[in-house]
**Q** 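Quick one: the structure is below, questions incoming.
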Amino acid sequence: MTQKVLVDANVLASRTVLDWLFHLKQQNKEMYSLLATDDILAETIRVSRRCNPKAPSSTITKRIEMVKAVMDDSELTFPGDLEFTGNDKHDYHVHAAASSNNVHMLLTFNDAKDFTKYPDDETYEVYHPDEFFDLVISSNPACLGPAVQNQFEYWGRRKNPKKIDQALKDAGCPEFVCTVKQELSELAQRM
């Protein structure tokens, strides 16, 4: 069964995490679907603009186009009257979208308590990108090689490239770094 994954704006605003979502999704088309709402996309724009206040509008437009290209559906809707016990009232829209659309996973850098005081009672589970990436790899180990190869080629084309492992660490995925480092070592041996 395809798992429905609602992706929070703080994940979509990270270029590194978005790239990994894209590359892993390419290798796992039936494993999970990536979902968002107009509210999440609007918040992604706000976060992207806050991180890059002088970026030209084309940069922000390109970011949203990339996000929409990765999403299986970015037009989920939700009601405004669901019970909300989370610590962050500004995350009601994320909780409501997850609850009312039968989402299996909520992918976010936030703590579960921001969305609900009772995570075990929800229809969805909260996953950090680091946990999610490891879950995907453990479910389909063969997808790691092609994803790492794609990332290796991408970072190799950039001016002043950042190392793949450093980019992941900077993006808040220190556990997944270990998995990727091992695959990079094996890739180097094959080259």
Side-chain angles (χ1 to χ4, degrees), residues 1-51 60-61 63-140 143 147 168 171-176:
M1 177 170 91
T2 302
Q3 297 292 298
K4 293 166 71 174
V5 181
L6 182 66
V7 187
D8 198 2
N10 57 22
V11 172
L12 297 175
S14 168
R15 172 67 188 257
T16 299
V17 176
L18 183 63
D19 285 350
W20 279 100
L21 281 174
F22 172 78
H23 290 298
L24 290 173
K25 177 83 168 110
Q26 293 304 305
Q27 304 303 317
N28 295 287
K29 293 188 188 292
E30 301 302 317
M31 185 184 292
Y32 57 90
S33 60
L34 297 173
L35 311 170
T37 65
D38 287 339
D39 291 74
I40 289 172
L41 295 179
E43 191 174 347
T44 301
I45 292 170
R46 184 187 60 77
V47 171
S48 297
R49 176 56 65 200
R50 181 174 277 169
C51 292
I60 304 301
T61 299
R63 153 83 46 219
I64 294 304
E65 288 171 359
M66 287 172 48
V67 167
K68 286 181 177 180
V70 172
M71 295 292 110
D72 293 292
D73 187 352
S74 60
E75 298 179 8
L76 298 183
T77 61
F78 56 89
D81 60 354
L82 293 179
E83 181 180 352
F84 181 67
T85 61
N87 290 337
D88 186 349
K89 68 181 180 182
H90 299 290
D91 279 326
Y92 168 82
H93 68 100
V94 180
H95 165 77
S99 296
S100 61
N101 287 282
N102 300 315
V103 166
H104 299 103
M105 299 177 196
L106 168 55
L107 187 59
T108 183
F109 282 105
N110 290 22
D111 184 83
K113 298 289 185 193
D114 287 346
F115 307 101
T116 177
K117 288 182 182 170
Y118 312 106
D120 293 338
D121 294 342
E122 298 300 338
T123 58
Y124 61 89
E125 290 184 61
V126 176
Y127 278 84
H128 186 281
D130 212 14
E131 295 174 292
F132 180 75
F133 292 151
D134 280 332
L135 178 65
V136 170
I137 298 305
S138 67
S139 298
N140 180 11
C143 76
L168 274 168
C173 297
E175 297 300 319
F176 188 56

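Note that the numbering runs from 1 along the sequence shown for the chain.
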**Q** Atom CG of L76 and atom OG of S100: how far apart are they, to the nearest 0.5 Å?
**A** 8.0 Å

**Q** State the NE2-CZ distance between H93 and F78, to the nearest 0.5 angstrom.
**A**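 If we round to the nearest 0.5 Å, H93:NE2 and F78:CZ are 7.0 Å apart.
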
**Q** About how many Å separate CG of L24 and CG of N140, when rounded to the nearest 0.5 Å?
**A** 9.5 Å

**Q** Between N101 (side chain) and V103 (backbone), is there a donor-acceptor pair under 3.5 Å?
**A**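 Side chain of N101 to backbone of V103: no pair is present.
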
**Q** Which word best sums up how the rings of F133 and F176 line up, parallel for under 30°, tilted for 30 to 60°, or perpendicular for over 60°?
**A**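 F133 vs F176 ring planes: tilted.
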
**Q** At their closest point, which heavy atom of P79 faces which heavy atom of A96, and how far apart are they?
**A**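 Closest approach of P79 to A96: O-CB, 3.9 Å.
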
**Q** Any chance the side chains of N110 and D91 put a donor and an acceptor closer than 3.5 Å?
**A**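 Present: a donor and an acceptor within the cut-off.
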
**Q** So, the side chain of T85 versus the backbone of T116: is there a donor-acceptor pair under 3.5 Å, distance only?
**A** no

**Q** If you define the side chain from C-beta out and look only at heavy atoms, does anything of T44 sit under 4.5 Å from I64?
**A** yes

**Q** Within the structure provided, determine whether D73 and K4 are in side-chain contact (heavy-atom separation under 4.5 Å).
**A** no

**Q** For E75, I'd like to know if atom CD has over 12 heavy atoms of other residues, nucleotides or ligands within 6.0 Å.
**A**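 No, because the 6.0 Å sphere around CD of E75 holds 12 heavy atoms or fewer from other groups.
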
**Q** Can you list the steps and then say if R63 with I45 is a side-chain contact (heavy atoms from CB on, under 4.5 Å)?
**A** CA-CA 8 Å; R63 153 83 46 219; I45 292 170; over 6 Å; no

**Q** Does some side-chain heavy atom of L106 sit less than 4.5 Å from a side-chain heavy atom of E122?
**A** no

**Q** For L168 and T16: C-alpha separation, side-chain torsions, deciding distance, then whether side-chain contact (heavy atoms from CB on, under 4.5 Å) applies.
**A** CA-CA 7 Å; L168 274 168; T16 299; 4.1 Å; yes

**Q** Between CG of D81 and CD of E83, what distance do you get to the nearest 0.5 Å?
**A**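 Atom-to-atom, D81:CG and E83:CD are 11.5 Å apart.
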
**Q** Hey, mind stepping through L18 and S14 against side-chain contact (heavy atoms from CB on, under 4.5 Å) and telling me if it holds?
**A** CA-CA 6 Å; L18 183 63; S14 168; over 6 Å; no

**Q** Determine whether F115 and D8 make a side-chain contact, defined as any pair of heavy atoms from C-beta on separated by less than 4.5 Å.
**A** yes

**Q** Whether R46 and E43 form a salt bridge (side-chain N of Lys/Arg under 4.0 Å from carboxylate O of Asp/Glu) is what I want to check.
**A** yes

**Q** With a 4.5 Å limit on heavy-atom distance, are the side chains of V47 and N10 in contact?
**A**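 SC-SC contact between V47 and N10 ruled out.
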
**Q** If you measure from CE on M71 to CZ on F22, what distance do you get to the nearest 0.5 Å?
**A**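 Going from CE on M71 over to CZ on F22, the span is 11.5 Å.
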
**Q** Indicate the atoms forming the closest heavy-atom contact of V11 with T108, along with that distance.
**A** CG2-CA, 3.6 Å

**Q** With heavy-atom distances below 4.5 Å as the criterion, would you say the side chains of V7 and L21 are in contact?
**A** yes

**Q** Hey, could you give me the OG/CG distance between S99 and L82, rounded to the nearest 0.5 Å?
**A** 6.0 Å

**Q** Going by the side chain to side chain contact (heavy atoms under 4.5 Å, CB included) test, name the single residue among L35, L41, D39 that passes it with T37.
**A**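 Result for side chain to side chain contact (heavy atoms under 4.5 Å, CB included) with T37: D39.
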
**Q** Could you tell me whether the side chain of D130 and the main chain of E175 form a donor-acceptor pair under 3.5 Å?
**A** yes

**Q** Applying side-chain contact (heavy atoms from CB on, under 4.5 Å), run through D19 and M66 and close with a yes or a no.
**A** CA-CA 9 Å; D19 285 350; M66 287 172 48; 4.1 Å; yes

**Q** So do the side chains of K113 and D88 get within less than 4.5 Å of each other, counting heavy atoms only?
**A**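 They are not in contact (no side-chain heavy atoms under 4.5 Å apart), so the answer is no.
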
**Q** Going by distance alone, is a donor N or O of one side chain under 3.5 Å from an acceptor N or O of the other, for S33 and D72?
**A** no

**Q** Taking the side chain as everything from C-beta on, heavy atoms only, tell me whether P119 gets closer than 4.5 Å to V126.
**A**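 Side chain of P119 against side chain of V126, heavy atoms only: no contact under 4.5 Å found.
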
**Q** Below 30° counts as parallel, above 60° as perpendicular, anything between as tilted: where do the rings of Y124 and H95 land?
**A**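 Y124 and H95: perpendicular rings.
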
**Q** Might you work through the ring pair (Phe, Tyr, Trp, His ring centres under 6.0 Å) test for Y32 and F132, ending with a clear yes or no?
**A** CA-CA 11 Å; Y32 57 90; F132 180 75; 5.1 Å; yes

